[in-house]
Every structure is written in C-alpha cells, then in structure tokens.
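Please read all numbers here as calculations on a predicted model, not as lab measurements. We count ligands from 1, going down the list as the structure has it; atoms in each ligand are counted the same way.
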Amino acid sequence: MSRKFYITTPIYYVNARPHIGHAYTTIACDTIARRQRMFGADTFFLTGTDEHGQKIERAAQAAGKTPQEFTDEVSAQFRALWQRMGITNDDFIRTTEERHKKRVQELFRRIRDNGHIYKGTYTGQYCVFDELYVDAVGPGAPCPECGRPTETVKEENYFFKLSVFADKLLQLYTEQPDFIRPETRRNEVMSFVRGGLRDLSISRSTFSWGIPVPDDPKHVIYVWLDALANYITAIGYGSSHKGAQEAFQKYWPADLHMIGKEIVRFHCVYWPAFLMAARLPLPKGIMAHGWLLFEENKMSKSRGNIVRAETILDVLGADALRYFLLREVVFGQDGSFSFDALVQRYNSDLANGLGNLASRTLTMITRYFRGQVPYPSAAFSQSAGDNAIAENARKVIVECNALFDQYQFSRALEAAWGLVAAVDKYIVENEPWALGEKQDEESRSRLATILYTSAEALRIVTALAHPVIPDATSKIWSQLGLGDIRKLVLPELKWGQLPLSTKLGNVEPVFPRADKSAIERMQKMEEQQRGGSSTTQAQPDASTTVPPVATQAAAAPAAKLAVTVPDGKISIDDFAKVDLRVGQVKAAEKVKGADKLLRLEVDLGTEVRQVVAGIAESYAPELLIGRKVVIVANLAPRKLRGLESNGMIVAASPEGGKAVLAGFLEDVPVGTRLK
Ligand code: MSP
C-alpha cells in the first residue's frame with residue numbers, strides 16, 4: 001500500500017475576494033501535493049472557505065445580501081480561481097455545507113461528553129476582524145494582533161477548558177520539535193503557552209450566523225472551532241457513512257497544515273487542545289509562512305492594497321505567478337510583491353532561462369537531427385564539459401529534492417536554475433550551430449553529444465520544476481517526446497535516462513518574453529479594480545485578453561500567449577478553461593414572473609449548485625428531477641430575476657425551436673468532467 005499524505009490550506013474567509021496572498025498559500029500547498037504524488041504518495045489536498053461568524057455576517061450586511069447569498073458568491077470566486085490556476089485540490093470544503101455542520105456538532109458533543117466544556121459568562125473584549133477574544137481592557141481598546149478597536153462582549157457562553165492543556169501542549173512542542181515550523185514560530189508559541197492559558201469561550205449567543213450548539217441552539221459555535229474542524233470534517237470525521245469513516249481513518253492525522261504566520265496561535269494551541277480533548281490524533285506538523293507585502297504592508301482587503309491573481313494570469317499565466325512567488329520569497333519570511341520584480345523574474349528565469357534553453361536545444365535537434373534525440377557516441381566526442389554537466393545534474397537532483405522536502409522552495413529553484421545557467425554557458429562555449437554547418441564525422445559526433453547533453457539536462461530541470469510550473473513543464477516534456485509528465489516517478493530520476501532516438505514533439509516556445517507594457521497593463525488593471533467593487537467578480541477587460549508579448553530570443557517561432565488565434569479558432573488550452581461537468585437535477589421549479597426561466601438545484605458530486613436556466617418553455621420542472629445534464633461549472637455567478645445562477649446548463653437552441661438539453665446515452669457518474 002502506498003504511503004498517504006494529507007495536506008491542507010487554511011480555509012479562506014469570504015469577506016473579500018481572493019488575492020495573491022491567498023494564492024500564495026494555495027500554490028505552495030499545490031506544489032507540495034504535486035511533488036508528493038510524483039513520489040507515489042496517496043495524496044489528499046484540501047482547501048475551502050470559512051463562512052460563518054460575525055465578520056462575514058457584517059460583510060454580507062454591508063453588501064446588502066443575505067449571508068448565504070454573499071458567501072455563495074465569494075466562495076465560488078475562490079473555487080473558480082483555483083480551477084483557473086490548475087490547483088489540484090482533492091476537495092473544497094465550505095463551512096456552510098451540511099456535511100460540515102453536522103460533523104462539527106459531533107465534535108462539540110464529543111469534547112463536551114469528555115468533560116471539557118462548561119457554561120459561564122464572558123465579559124471582555126473581542127476583535128471581530130480576527131474573530132479573537134482579546135486580553136485588553138475597555139471598549140475600543142486596540143486588538144494586539146491587528147490594532148483595530150475591540151468590542152466589549154458580555155454574554156453567556158460555553159467555555160472550553162483550555163487551561164488544563166498547557167502542560168500537555170508544552171510537552172508536545174518539546175517532544176516533536178517539527179510540530180511547528182519554522183523555529184521562530186515555535187518559540188513564540190512556547191512562550192505564549194508558558195505565559196499561562198485561560199479557558200476559551202467557544203460559543204456566541206448575540207448573533208446567529210454560525211452552527212448551533214447541539215441541544216442549545218441559542219448559541220452558535222465559536223467560528224474558530226467551526227473553522228479548524230474543517231480539517232477533519234472534510235475527510236469524514238463524525239459521519240455515519242462507511243466510506244467517509246474509512247477516508248478519515250486513512251488520511252487523518254494530517255501530515256501538514258500550511259498556514260500564514262498570523263494564525264499560528266489558533267492552529268498550534270487551540271487546535272491541538274481541541275483534538276486532545278476529543279481524544280483524536282494530532283496533525284504531524286504545522287508550517288507557517290510569512291506575508292506577501294505590497295507597497296510595504298501586508299496585502300489585505302482592509303488595507304486596500306491587494307493584487308488579484310487574475311490580472312497576472314491574464315497577462316503572464318499561472319506558471320509565472322507560481323514561479324515568482326516561490327522563487328522570490330524565502331518561504332517562512334515576509335516578501336514583497338511588485339509587478340516590476342514579477343516581470344523581471346519572468347523574463348530572466350522563464351523566458352530567457354528555461355524557455356530559451358528548451359527552444360534552442362529542441363530547435364537544433366529538429367534542425368540537425370530531424371527531430372530525433374541524437375546518440376552521444378564515440379570517445380573522441382566526449383569532453384570534460386559534457387561530464388561536468390552530467391555531474392552538475394546529478395548533484396542538482398539530490399540538492400533540489402532535499403530543499404523541496406524542507407519547503408525551501410526558493411533555494412530548490414535556485415539550485416535547479418543553476419543547471420539551466422550551466423547548460424546555457426556550455427552551449428555558448430561549444431557553439432553547436434557552428435558544428436551544425438560541418439558534415440565531417442567528428443563534428444557530427446560532437447554536435448550529437450552537445451545536444452544530447454543539453455536535452456538531458458533540460459529533461460532533468462523540467463522534471464524537478466514540474467510541481468512548481470506544471471503547465472510549461474508538461475509542454476516541454478511532450479516536446480521532448482516523453483509523453484505525459486504526470487507518469488514520471490520522481491525518485492527514479494537519474495542522469496542518462498533520455499531515450500536515444502526519441503522523436504521530439506512540436507517545438508513551440510513556452511514562455512514568450514514580456515515587454516515593459518506588461519507591467520503598465522497589470523498596474524492599470526489593478527487600479528481599475530480598486531476603483532470598483534471589491535467583492536464582485538471582475539470581468540477581464542477585453543484589451544487584456546491578448547497580452548503583450550515579444551518574440552522569444554531564441555531560434556523559435558512567434559510567441560503564443562494570445563487567447564484567440566487569427567481565424568477565430570481557439571486553442572485546446574482555451575477550451576480546457578471551460579469546466580464542463582455532469583450534473584444531476586435534484587430540484588426544479590418555475591421562477592415567478594419569468595415564463596422562460598427554471599430554478600434548478602444541480603448536484604455536481606462535490607456540491608449542489610443553484611442554476612437558473614432558460615428552458616421553462618421546453619421542459620416541465622417535474623420531468624427534470626433526476627435527469628443528468630451538462631453544466632458549465634466555472635462560469636462566474638450572475639443574477640437572473642434576483643436569483644443567483646452558479647453555472648450554465650448546456651442545451652441546443654435550434655433557430656425558432658425549443659431548447660434541447662445535452663445528455664448521455666450511457667450512464668455516467670455525477671461530477672465527471674467533459675473534455
Ligand atoms: N479563515 C481563517 C483561517 C481558518 S483556517 C481553519 C483566515 N482566513 S484568511 O482568509 O484571513 O487568511 C487565510 C490565509 O490566507 C492566511 O493564513 C495566509 O495563509 C493567506 N494569506 C492571506 N493574506 C496573505 C498575505 N498577504 N500574505 C501571505 N498569505 C496571506 O485567517
């Protein structure tokens with residue numbers, strides 16, 4: 001049986017739309033999850049949204065929406081962004097889902113039955129922004145975490161006996177030094193716990209947007225207990241279904257909770273204490289990374305200094321964002337984001353670095369060896385330089401893997417790109433283009449060795465970088481004629497495995513150079529956004545669909561980043577952006593006052609979506625129940641007659657005739673993707 005690996009991101013608050021701070025954590029986890037899969041681990045990668053509590057209730061009010069409408073909308077934005085970025089999460093949990101609510105109540109009961117909960121009255125300060133009980137005195141006293149004014153709360157609450165867990169927690173941190181990483185955070189937590197722990201209020205009774213306390217529904221469960229529990233509810237804790245129970249047995253405890261440094265206390269103190277109280281196993285480790293700063297401050301909605309991932313995806317693509325964040329920021333420390341640095345890094349490391357190495361090597365193999373990987377033959381064709389590259393590559397494999405294992409992404413990438421630079425130099429020094437002009441046996445043999453060596457080094461870097469830049473490396477892999485990179489078993493990666501005579505695929509540039517206007521364009525897109533609403537889904541500006549690109553420096557055909565190609569056709573990548581899925585209609589009804597519209601609830605396997613469809617003239621609602629349909633699952637939500645539609649049902653619409661739903665002759669499981 002394969003080793004399992006369970007990794008989680010924090011679940012993101014839905015008071016604001018996603019930005020690259022959220023993307024940062026998600027990208028780091030996605031990279032780790034992809035690597036684990038390449039190492040053969042049975043990996044489960046969880047993310048989701050945190051939707052209860054006063055902060056969200058107030059944000060919904062401010063937006064003039066019900067909390068449910070509001071959370072549906074923003075949660076869908078997170079989900080759509082992760083899909084667009086190719087994030088490989090295995091599940092996406094929302095704390096407003098029934099499965100979560102029931103299981104949290106089960107956890108509450110269990111902690112209560114184990115004698116760790118009592119009723120009392122809380123009088124003190126509360127920070128709604130951090131959803132944190134604060135040791136401060138007097139109305140308006142600033143929150144020690146965020147500096148915002150706190151509110152005085154006096155209400156009857158349930159309390160958790162946190163104080164009794166102090167010694168056990170200290171023992172945990174001492175016996176398992178890797179439980180909290182990096183070390184600085186571990187030290188902070190230890191001194192916090194040594195300072196003494198007070199019992200924690202774990203319910204609120206002055207608002208209702210939360211999960212009711214079992215047997216006492218006047219109270220809702222404290223949003224942090226609700227939220228932290230997602231890590232177990234999503235994989236089946238508290239479920240009576242056998243499959244869910246088995247999943248919980250299999251994946252819990254988590255191997256890694258990845259978080260930002262501001263939520264260390266909740267994860268490293270409260271969460272293990274809750275689990276100890278419930279007599280459940282503890283996660284194996286918690287890693288806290290630093291903040292992404294923009295204009296010198298933590299990027300956050302409330303500061304109004306966020307950068308949206310969509311802007312970068314539109315102009316440079318997901319790999320550029322992933323690479324930049326993991327290469328530029330030392331993981332664990334704070335790091336600054338700027339468009340200048342992004343474009344500079346993109347051009348130097350991706351367009352001129354890996355992209356250029358790939359296109360010049362593969363183009364020369366195409367030109368001089370009719371697209372087949374040549375044999376590095378005969379003794380006289382070997383030089384010290386060739387062996388140095390092979391040696392370098394062997395070292396890089398070991399070093400890069402070790403650094404990735406310690407989540408030192410920046411250094412791991414630096415090591416891999418050291419090989420790119422070495423091969424570049426090797427190519428320049430050996431001038432294969434000059435050898436290519438000669439026909440004598442020695443020149444041909446030398447040329448073969450140089451190009452084989454370059455292609456093999458390219459293969460190694462491509463394999464190592466795959467978890468970070470999955471799109472580009474998949475393309476380079478297939479251009480190398482190696483097929484599907486997901487089949488690669490990373491621990492088996494060695495120098496010399498590139499099969500001789502491999503027929504290359506079509507050689508195309510993967511990272512077209514970005515010119516200066518890319519920076520201005522991204523800045524403009526963000527400025528426009530800041531002028532507009534911060535919670536509604538932004539529609540990409542038409543002018544941004546064709547990003548500014550210049551031709552790649554190497555011997556390569558014209559760059560290709562544009563969304564449409566001239567004759568109106570779209571590329572397979574563009575088609576892949578449309579998330580078509582099999583859904584099953586669970587409920588259907590006419591929309592009042594609209595002859596053509598039906599309100600449908602469609603099960604997608606992972607969630608039930610509300611979709612408003614213009615098919616009322618073709619189908620009676622009751623005939624649709626149970627029917628399998630095709631749904632465009634990643635369409636931005638929109639409102640029709642005041643109802644939010646989350647997706648679109650695919651139907652043929654004959655001229656002047658009635659709509660006919662697309663369907664299947666054979667049975668097909670709900671949730672299956674069409675591609
Ligand atoms: N909902 C809670 C977490 C509950 S987990 C059981 C929460 N949500 S959050 O949306 O405010 O932030 C969650 C995480 O997003 C942070 O811990 C961090 O991982 C990431 N980031 C949000 N802004 C960020 C930056 N500016 N920089 C880096 N990471 C950022 O807290």
Does the residue [X] have a heavy-atom contact with ligand 1, meaning some pair of atoms that are separated by less than 4.0 Å?
X: G290; result: yes
X: H289; result: yes
X: H267; result: yes
X: W224; result: yes

For H219, all residues meeting ring pair (Phe, Tyr, Trp, His ring centres under 6.0 Å), sequence neighbours excluded: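 Here the qualifying residues are Y158.
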Heavy-atom pair with the smallest gap, counting every atom of [X] and [Y]:
X: T95; Y: A227; value: CG2-CA, 4.4 Å
X: F294; Y: S338; value: CE1-CA, 4.4 Å
X: F331; Y: Y407; value: CB-O, 3.4 Å
X: V134; Y: C127; value: CG2-CB, 4.0 Å

Shortest protein heavy-atom distance from [atom], along with the residue and atom involved:
atom: atom 1 (N) of ligand 1; result: D50 OD2, 2.7 Å
atom: atom 26 (N) of ligand 1; result: M299 O, 2.9 Å
atom: atom 30 (C) of ligand 1; result: G21 O, 3.4 Å
atom: atom 28 (C) of ligand 1; result: L292 N, 3.4 Å
atom: atom 23 (N) of ligand 1; result: H19 CE1, 3.4 Å
atom: atom 22 (C) of ligand 1; result: H22 CD2, 3.8 Å
atom: atom 13 (C) of ligand 1; result: Y12 CD2, 3.7 Å
atom: atom 3 (C) of ligand 1; result: I11 O, 3.2 Å

For residues 274-289, run the donor-acceptor check on the side chains, cut-off 3.5 Å, and write out each pair with its distance to 0.1 Å, sequence neighbours left out.
| unit_1 | atom_1 | unit_2 | atom_2 | d |
| --- | --- | --- | --- | --- |
| R279 | NH1 | N114 | OD1 | 3.3 |
| K284 | NZ | D255 | OD2 | 3.0 |
| H289 | NE2 | T25 | OG1 | 2.9 |

Validation row, ring centre F45 to ring centre F92 under 6.0 Å: no
N or O contact, E262 vs ligand 1, cut-off under 3.5 Å: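 N/O-N/O distance below 3.5 Å exists for this pair.
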Backbone or side-chain N or O of L228 under 3.5 Å from ligand 1 N or O: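 The answer is no, given that L228 and ligand 1 share no N or O pair closer than 3.5 Å.
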Passing candidate, side-chain contact (heavy atoms from CB on, under 4.5 Å) with V14, options I56, D72, T96: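 One option only clears the test, and that one is I56.
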T25: numbered ligand 1 atoms lying under 4.0 Å from its heavy atoms: 18 (C), 19 (O), 20 (C)
Interfacing atoms of ligand 1 (cut-off 4.0 Å, heavy-atom, A227): 6 (C)
Candidates Q105, K101, H52 - the one meeting side-chain hydrogen bond (donor to acceptor under 3.5 Å, both in side chains) with D226: H52
Shortest reach to atom 6 (C) of ligand 1 by a heavy atom, considering only F266, Y231, F129, Y13: Y231
Distance under 6.0 Å and angle within 45° of ring axis: R103 vs Y237: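 No, cation not above the ring by the 6.0 Å, 45° rule.
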Distance, nearest 0.5 Å, that separates CD1 of I7 from CG of D30: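 Spacing of CD1 (I7) from CG (D30) equals 9.0 Å.
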